[in-house]
Amino acid sequence: MSSKFLVLIGFVVGVTVGVGIGVAITTTGSSPSTELRAAFNDEFLSRKDGYPGLTATYGLEFQSAPLPIPMLDLGSKYQKLIRGEIDVIEGFTTDASILELSLAVLEDDKALFPPYEAAPLVRAATLSKYPGLEAILNQLTGEISEGTMQHLNHEVEVKGRNVQEVARDFLETQGLIPPGATSGDGTTGSIIIGSKNFIEQEILGEIMAILIEYQTDIQVVRLLNHGGTMTCFGALASGAIDLYPEYSGTGLVQILGRDAIRDPDETYETVRRAFSQEYDLVWLDRFGLNNTYTLQMRRERAEELGIRTISDLASYVNSHQQ
């Protein structure tokens with residue numbers, strides 16, 4: 001989801017300068033106790049699975065209209081949240097900010113937000129050329145949860161660690177490559193791995209690249225941070241790259257142009273069949289993370305008001321309108 005890159009740019013520049021290095025933040029200008037206020041980015045305010053969907057599905061409608069935050073100014077959203085000027089924001093399940101700011105993520109108990117499960121998307125011709133490649137990449141099946149991805153994003157986005165170092169540490173910790181292992185000699189052939197232009201994608205691309213290099217003699221060429229969804233998909237379809245990490249919901253809605261499906265298994269099976277038939281592309285097993293939308297609050301505020309789910313939020317907002 002390409003907007004995630006913009007979210008985290010705003011977060012790193014606008015928030016961690018004040019929070020990540022331990023500077024105290026005071027909650028001046030906090031919201032009235034009987035009214036909760038929200039700030040959503042401009043895309044979320046208009047898309048069906050955004051604020052209009054919250055109103056239709058949950059009956060959630062803030063008395064004070066949500067503050068629109070431009071995509072390039074998302075850091076101010078987190079600043080307003082931690083200062084108490086707003087109470088609710090939208091984000092993604094794998095955001096580094098969830099860890100850095102210890103935010104409460106509200107449960108989407110009516111399944112408004114569609115699944116965006118990540119998995120390797122590979123050319124069938126590449127799998128035919130390298131028969132062992134599928135089994136190697138499927139070692140990552142279920143190994144990268146939302147919490148794991150939050151941690152990996154946090155290591156790069158907030159702590160400033162090198163993507164390759166973080167990816168290698170992950171593989172060693174999971175026992176997928178031994179500590180101190182060396183890569184193959186690259187004599188078997190070469191493949192090109194791409195990724196979209198945000199950090200999470202670079203990390204996933206690097207994890208796949210290192211795993212292949214250290215378990216085979218295939219030379220891996222990296223074309224990470226390559227561009228948005230359609231740029232990466234076009235490169236894959238044309239053969240300019242061999243594989244990249246993609247999200248099931250993105251494949252269904254943005255690439256295939258179909259309506260969202262709420263069931264994650266149905267979404268995955270739908271894109272798996274369609275991509276094979278229409279593009280000769282193969283979705284391998286899912287990594288384990290679902291990078292979909294969330295609503296987030298300051299943890300202490302959510303706990304104070306007993307808000308755990310979006311239904312709880314809607315019930316509170318609707319019963320405390322001034």
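For the numbers below, each heavy atom of this structure counts, side chains included, while hydrogens, waters and symmetry mates do not. The first residue in the sequence is number 1, and the count goes up from there.
- If you take CD1 on Ile207 and CG on Leu176, they are separated by 9.5 Å, rounding to the nearest 0.5 Å.
- Leu313 and Ile307 make their closest contact through N-CG2, 3.8 Å (heavy atoms, listed as atom of the first residue, atom of the second, distance).
- Residue Leu243 holds its CG atom at 11.0 Å from CZ of Arg123, rounded to the nearest 0.5 Å.
- Panel note: side chain Lys129, backbone Ile191; no donor-acceptor pair is recorded below 3.5 Å.
- Judged by distance alone, the side chain of Asn138 and the main-chain N or O of Asp285 form a donor-acceptor pair under 3.5 Å.
- Considering Lys80, Arg301, Gln296 in turn, Arg301 is the only one that fulfils the side chain to side chain donor-acceptor pair (under 3.5 Å) rule with Asp87.
- Side chain of Thr94 to backbone of Gln150: no donor-acceptor contact under 3.5 angstrom is found.
- Side-chain contact between Gln254 and Met230 is present, with heavy atoms from C-beta onward closer than 4.5 Å.
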Let me see the working for Gln201 and Tyr247 under side-chain contact (heavy atoms from CB on, under 4.5 Å), right down to the final yes or no.
CA-CA 10 Å; Gln201 281 269 311; Tyr247 303 95; 3.3 Å; yes
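- With a 4.5 Å cut-off on side-chain heavy atoms, Asn225 and Asn197 count as touching.
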Start with the C-alpha distance between Tyr214 and Val220, add both sets of side-chain angles, then the distance that settles side-chain contact (heavy atoms from CB on, under 4.5 Å), and finish with yes or no.
CA-CA 10 Å; Tyr214 283 73; Val220 178; over 6 Å; no
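- At a cut-off of 3.5 Å, with distance as the only test, a side-chain donor of Asp312 or Thr309 sits close to an acceptor on the other residue.
- Pairing each heavy atom of Tyr244 with each of Ser195, the nearest pair is CB-N, 4.2 Å.
- With rounding to the nearest 0.5 angstrom, the NE2 atom of His226 is 5.5 Å from the SG atom of Cys232.
- Side-chain atoms of Asp95 come within 3.5 Å of backbone atoms of Phe92 as a donor-acceptor pair (strictly under, hydrogens ignored).
- With a 4.5 Å cut-off on side-chain heavy atoms, Leu112 and Ile310 do not count as touching.
- Hydrophobic clustering keeps Ile241 apart from Leu137 (ILVMFWY residues linked when any side-chain heavy atoms are closer than 4.5 Å, directly or through intermediates).
- For the pair Thr267 (side chain) and Ile261 (backbone), a donor-acceptor distance under 3.5 Å is present.
- Both Val88 and Leu45 belong to a single network of hydrophobic side chains, linked directly or stepwise wherever heavy atoms of I, L, V, M, F, W or Y lie under 4.5 Å apart.
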Dump the intermediate steps for side-chain contact (heavy atoms from CB on, under 4.5 Å) on His151 and Thr148, then the final yes or no.
CA-CA 5 Å; His151 172 74; Thr148 299; 5.7 Å; no
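- From Ile177, atom CD1 reaches atom CG of Asp169 across 9.0 Å, with rounding to the nearest 0.5 Å.
- The hydrophobic cluster containing Leu133 also contains Leu204, counting ILVMFWY residues as joined when their side-chain heavy atoms lie under 4.5 angstrom apart, directly or transitively.
- Tyr268 meets the ring-ring contact (aromatic ring centres under 6.0 Å, His included) test with no other residue; sequence neighbours excluded.
- Using a 4.5 Å cut-off on side-chain heavy atoms (C-beta onward), Tyr51 and Thr55 make contact.
- Using modelled atom types, one side-chain atom of Thr292 and one backbone atom of Pro114 make a donor-acceptor pair closer than 3.5 Å.
- From Phe170, atom CZ reaches atom CD of Glu143 across 6.0 Å, with rounding to the nearest 0.5 Å.
- Residues Val221 and Leu121 are members of one and the same hydrophobic cluster, defined by side-chain heavy-atom contacts under 4.5 angstrom among Ile, Leu, Val, Met, Phe, Trp and Tyr.
- By the side-chain contact (heavy atoms from CB on, under 4.5 Å) test, Leu256 pairs with Leu252, Arg258, Val271, Ala274, Phe275, Glu278, Tyr279, sequence neighbours left out.
- In this structure, the side chain of Arg222 does not engage the main chain of Glu206 through any donor-acceptor pair within 3.5 Å.
- A donor-acceptor contact shorter than 3.5 Å links the side chain of Ser238 to the backbone of Ala235.
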side-chain contact (heavy atoms from CB on, under 4.5 Å), that's the test. Do Glu117 and Trp283 meet it? Break it down for me.
CA-CA 11 Å; Glu117 296 185 305; Trp283 287 81; over 6 Å; no
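- Just one of Thr93, Asn291, Ile203, Asn290 meets the side chain to side chain contact (heavy atoms under 4.5 Å, CB included) condition when paired with Met149; it is Ile203.
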Give the intermediate values and the outcome of side-chain hydrogen bond (donor to acceptor under 3.5 Å, both in side chains) for residues Arg37 and Ser64.
CA-CA 6 Å; Arg37 291 180 290 185; Ser64 298; 5.9 Å; no
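- Nearest approach of Ile210 to Arg168, heavy atoms of both residues: CD1-N, 3.8 Å.
- Within the 3.5 Å criterion, the main-chain N or O of Glu266 finds no donor-acceptor partner in the side chain of Glu269.
- Other residues, nucleotides and ligands place more than 12 heavy atoms under 6.0 Å from the CG atom of Asp185.
- Residue pairs meeting the ring pair (Phe, Tyr, Trp, His ring centres under 6.0 Å) criterion with at least one member in residues 95-115, sequence neighbours excluded, are Phe113-Tyr293.
- Across every non-hydrogen atom of Gly194 and Pro245, the tightest pair is O-CD, 3.4 Å.
- In this structure, the side chains of Ile255 and Glu246 come closer than 4.5 Å at one or more pairs of heavy atoms.
- Between Val158 and Ala96, the shortest heavy-atom contact is CG2-CB, 4.2 Å.
- Tyr58 and Asp109 make their closest contact through OH-N, 3.1 Å (heavy atoms, listed as atom of the first residue, atom of the second, distance).
- Using a 4.5 Å cut-off on side-chain heavy atoms (C-beta onward), Leu54 and Leu295 make contact.
- The closest side-chain heavy-atom distance from Asp242 to Tyr130 is not below 4.5 Å.
- Remark: the backbone N or O of Val282 is not paired with any side-chain donor or acceptor of Arg272 at under 3.5 angstrom.
- For the atom pair Leu224 CG and Ile192 CD1, the distance stands at 11.5 Å (nearest 0.5 Å).
- Considering only heavy atoms from C-beta on, Ile212 comes within 4.5 Å of Ile193 through its side chain.
- Leu140 and Leu289 fall within a single hydrophobic cluster, where Ile, Leu, Val, Met, Phe, Trp and Tyr are joined by side-chain heavy atoms under 4.5 Å apart, directly or via other members.
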